[in-house]
Amino acid sequence: MKYDFRKIEQKWQAYWAKNQTFKAISPNSSPEKGRPGPKYYVLDMFPYPSGAGLHVGHPLGYIASDIYARYKRHKGFNVLHPMGYDSFGLPAEQYAIQTGQHPAITTETNIKKYREQLDKLGFSFDWSREVRTSDPKYYKWTQWIFIQLFNSWYNKTSNKAEDISDLVSIFEKEGNTGVLAACDEDVPQFSASDWKSYSPKKKQEILLQYRLTYLADTEVNWCPALGTVLANDEIVNGVSERGGHPVIRKKMTQWSMRITAYAQRLLDGLAKIDWPQPLKDAQANWIGRSEGAEVEFRIQNSEFRIPVFTTRPDTIFGVSFMTLAPEHELVTQITTPEQKEEVQAYIAATAKRSERDRMADVKTITGAFTGAYAEHPFTKDSIPIWIGDYVLAGYGTGAVMSVPCGDQRDYDFATHFSIPIPNIFEGIDISETAFADKEKTIITNSDFLDGLGYSSAVQKVIQELEKIGAGKGKVNYRLRDAVFSRQRYWGEPFPVYYDVDGIPQMLDEKFLPLKLPEVDKYLPTETGEPPLGNAKEWHWLQYGVEGKVVSEVEFNNSSPEGKQGGALELNTMPGWAGSSQYFNRYMDPGNTEAIFSQEAVNYWQDVDLYIGGSEHATGHLLYSRFWQKFMFDRGWVPKDEYAKKLINQGMITGTSAFVYRLLISSSGGRDFGKNEVGENLDNVCVSYNFYEEFKSLYKNYSWNEDFEIPLRREGFRNDTVNLPIENGLIQKIRSNLFELTSQNTEELTFGLKSFIAVHSDVSFVNASDELDIEAFKEWRPEYKDAIFILEDGSVYDEDSPLEGGESGVYKVGREVEKMSKSKYNVVNPDAICEEYGADSLRLYEMFLGPLEQSKPWNTAGISGVHSFLKKLWKLYHSGPNGEFHASDSPLEGGKGGVPEETNSPSLGGGRGEAFKTLHKTIKKVEEDIANFSFNTSVSTFMICVNELSAQKCTNREILEPLAILVSPYAPHIAEELWEKLGHAESVAYAPFPAFEEKYLVESSKEYPISFNGKMRFTLELPLDMGKDEIEKTVLAHERTQQQLQGRTPKKVIVVPGKIVNIVG
RNA sequence: GCUCGAGUGGUGGAAUUGGUAGACACGUUGGACUUAAAAUCCAAUGGCCAUUGUGGCCGUGCGGGUUCAAGUCCCGCCUCGAGUACCA
């Protein structure tokens, strides 16, 4: 009987859907559903449903998690394995701007397509728990969390987030003098009576500075092309991650998230989660903790004090100047009249430079002297104050104490502007002090620090600074608060309005969700408001009359006065808002009363296994940890880290195909580039072989150095090279070309400019890299008249092939690149499923290599796993006419597990051996799953089936457990075989076969016998043979004597059960 | 520059705590079956040398080292990939 994977897969996918086979059992479900085992939560990062659909790279992580989830079900766990969509986002909005189609419609269409594709792969998702971030029923709770953050402050004394009302009562009792909070640093101190005297507006303004989400004028990354602000992690190399548009810095009033309050806990939490080290490193790096001191410098002839942060307070006696960021707020106030012009010019110049320019030339040293002087806290010396753009406004205090002998940048700056460079390091030349290992230096010329090493000097100087009130030890973080406002349409609206005083107020919870309004166009308004400003009548109509009494404030967004009072927040939330708690919502996705019930969250607790891409290291994966800690502090979730283990699946790269277009120069006295009727002959495509040959031929030409670069970038160079006639291949091409152009070959010089490598769609190329030229020409009409030079140098001509042209083929070049539509190397999983089936695709994606590694896709290789499945099928269909057959009579040999019996030839047919094969496989597969080494378990299955086939095993005692073993990997075929074995229920919950050591017990071992560490032959010896006896037997062996050739071995190493090594 | 990965046949990749390098596949070559193709099956397949067989030498990016024994451990380099970037 044929392995009809199409029919089988369809059948079981329908079965699973109909029977809700993978529905997780809720903690409160009725007892007849059976006693759930321990919970296990397997999570995938939910996808953004893009219009392009899935390519074979996308399901890799889903397949791995699905295998794990299915394995855990076999092991008796109550598995939660949900899926959903991160469906707010830019592409749908960009599409709406271009076409006017509502993003909700685009999103719906894309989700449908995704779902169809996912369903074909046989995943065991519990679809009854699907969430979509753009669904109001879902984003209601995103808005709810926002309100909770607004209503919370961070108490540094208890080290957690607390309700803002607690803070109000503290203020009423004792003011803010005793409060240690994570908040804006410049909140002035006030007493309880001060507080009581404040107006409601003032109180609100003060509280806003304490809230975990707050409004602030922040310098933001503004992307003019996208019309929105971007978070730091949404910028790559100074341009926007999406679209690659330039980004400038701009001050705007924005909502911010006080993630910095959690900096230390986010760092500490990394220690207790099993996440990949590179990812932890990336987060630790992003948080960027550094220890040092804050030192205050008095400005001479003024009241100002400028604090600086330094990690090297021990070098304080090496300070010879001070540098402020050009944007530093005190710059204009301290600059002397004489320096004013220069300083202003410098500030103007730096402001003009974009972030990108600044990054592009790090080496150019620029700066200006302010004319002002600071006073050294110990020596009281005058220290000139400079500004320079190497000091960043956003880090530390935006000012540094410059120690040219200790820091290369300070050194370069000092050298450039001829500022003195005092040396405070003993015995090191001033040109090398900046590179010196700090642990090995001794401080000198430094008053009370003389003779101290690095760490004791740091301690000492902090003590002294504290004594004179000029500084203190301090920990600084690179992490910035996260800007939370986006000037977009397709995102969660803020549940916020502004009262008549312009103070932000939260909507009452009962009015949630605040739904996105309809707009005519998705662009900013004419007055520069975000797209939501286009909404003529907003939400209060949705609530009818009732909406009008929200906190007794009427708001009317369309009135020009709207800004002054009653206006709704027009920004929307960023992409990461919806993904920061979705994993908890899956626990109770239908709940309309709460984000999730306490019963559900206490049952499911946290994610046991989370699989997704490493690109979210400093975005989603950091923000979601932040929100989880917040939710934990407020008592809504039981764990402050939501994912115990995380695995980053590697990328599946595509194998692009290239056609090499040869550019021919018209040198040589004649118009070679044209044929006799004047057609341009520049369009010549050469095969990979020629291109390679050309490359190697001209390897030594000086212009060849960057040959590869213009080639890949589709550029070309103007150099002309004369091809040597003596080269056979080239000569053949020449003659063929000239035949075509009817020109005299003798008189012409054949010149080249260069190549352009052109992507061909991989679907036009077969497994042997041969191009379907006609299909290619049809696909890219500009190549309709192109001349294709084949592998053998002949010219392709579909009408009248020249000699040799008929047999010749055009081979493309291959290169591994990211799988992407623009590179025409995308392989669609639907096509693979159609041709080989989902089980083959699942096995093959796992078989490609280790899960976490990036690896190239090659469709040709899938035949290996596909024929494995056919062999597996055949193993169960060993009847005379290939019908299903599984023998019911028990195997004798293995039952007792007695080794002699097992290996006894008298049992015949390898019946005992079958148990050995099976249990070997069980053992290895369980180990592999535990290590997430899915590629090796696919190999193990192949070995198993190969062995059982050779043994002609037909026994149910073997075939039944084998079907379960395979089921996590290839669930459809496993279900079919399981059914044929006579089971009425799905294989999904069948207990995983138990490994029994007794079947693997061996009585002897093939010992490798090595001489000086090199294996020479093997010798079968009983395993219970002692060390001495082994040595004796081996030495007595004829092959040993042959190897030794009469010499006496110096030493014999015997490791029983392992190896024998003879040293001679 | 800094941080983290990774370098093994023609290709993807195997190799528990150092113990028979190249499992399992793809590809290639040869063969069987077939009118033919597909499918299937069998054999060979790291390189070099020898061959009548048994065999020998070299091989895990490079150079050292530790060890009876190194892909695996240590030291020093090289190359590629990812992240990050004037972070004081």
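Quick note on labels: first sequence line is chain A, next is B, and so on, each numbered from 1.
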Spacing of A/Ile652 atom CD1 relative to B/rA82 atom C1', expressed in whole Å: 18 Å

A/Tyr346 and A/Trp386 aromatic centres sub-6.0 Å: no

A/Lys2/A/Asp4 ion pair, N-O < 4.0 Å: no

Distance-only side-chain donor-acceptor flag, A/Thr917 / A/Gln951, under 3.5 Å: yes

Nearest-Å distance for atom pair NZ/C1', residues A/Lys923 and B/rU16: 9 Å

Interatomic distance where CG belongs to A/Asn648 and P belongs to B/rA6 [whole Å]: 14 Å

Sugar-phosphate only, base, or nothing, as touched by A/Asp410 at under 4.0 Å among non-hydrogen atoms: nothing

Distance between P atoms of B/rA6 and B/rC75 (Å, rounded): 16 Å

Sugar-phosphate, base or nothing in reach of A/Lys280, heavy atoms under 4.0 Å: nothing

Heavy-atom pair of closest approach, residues A/Thr655 and A/Trp857: OG1-O, 2.8 Å

Inter-nucleotide P distance (B/rC24, B/rC42), Å rounded: 13 Å

Base B/rC68 to side chain A/Asn1061, donor-acceptor N/O within 3.5 Å cut-off: yes

For atom OH of A/Tyr390 and atom P of B/rC86, their distance in whole Å: 14 Å

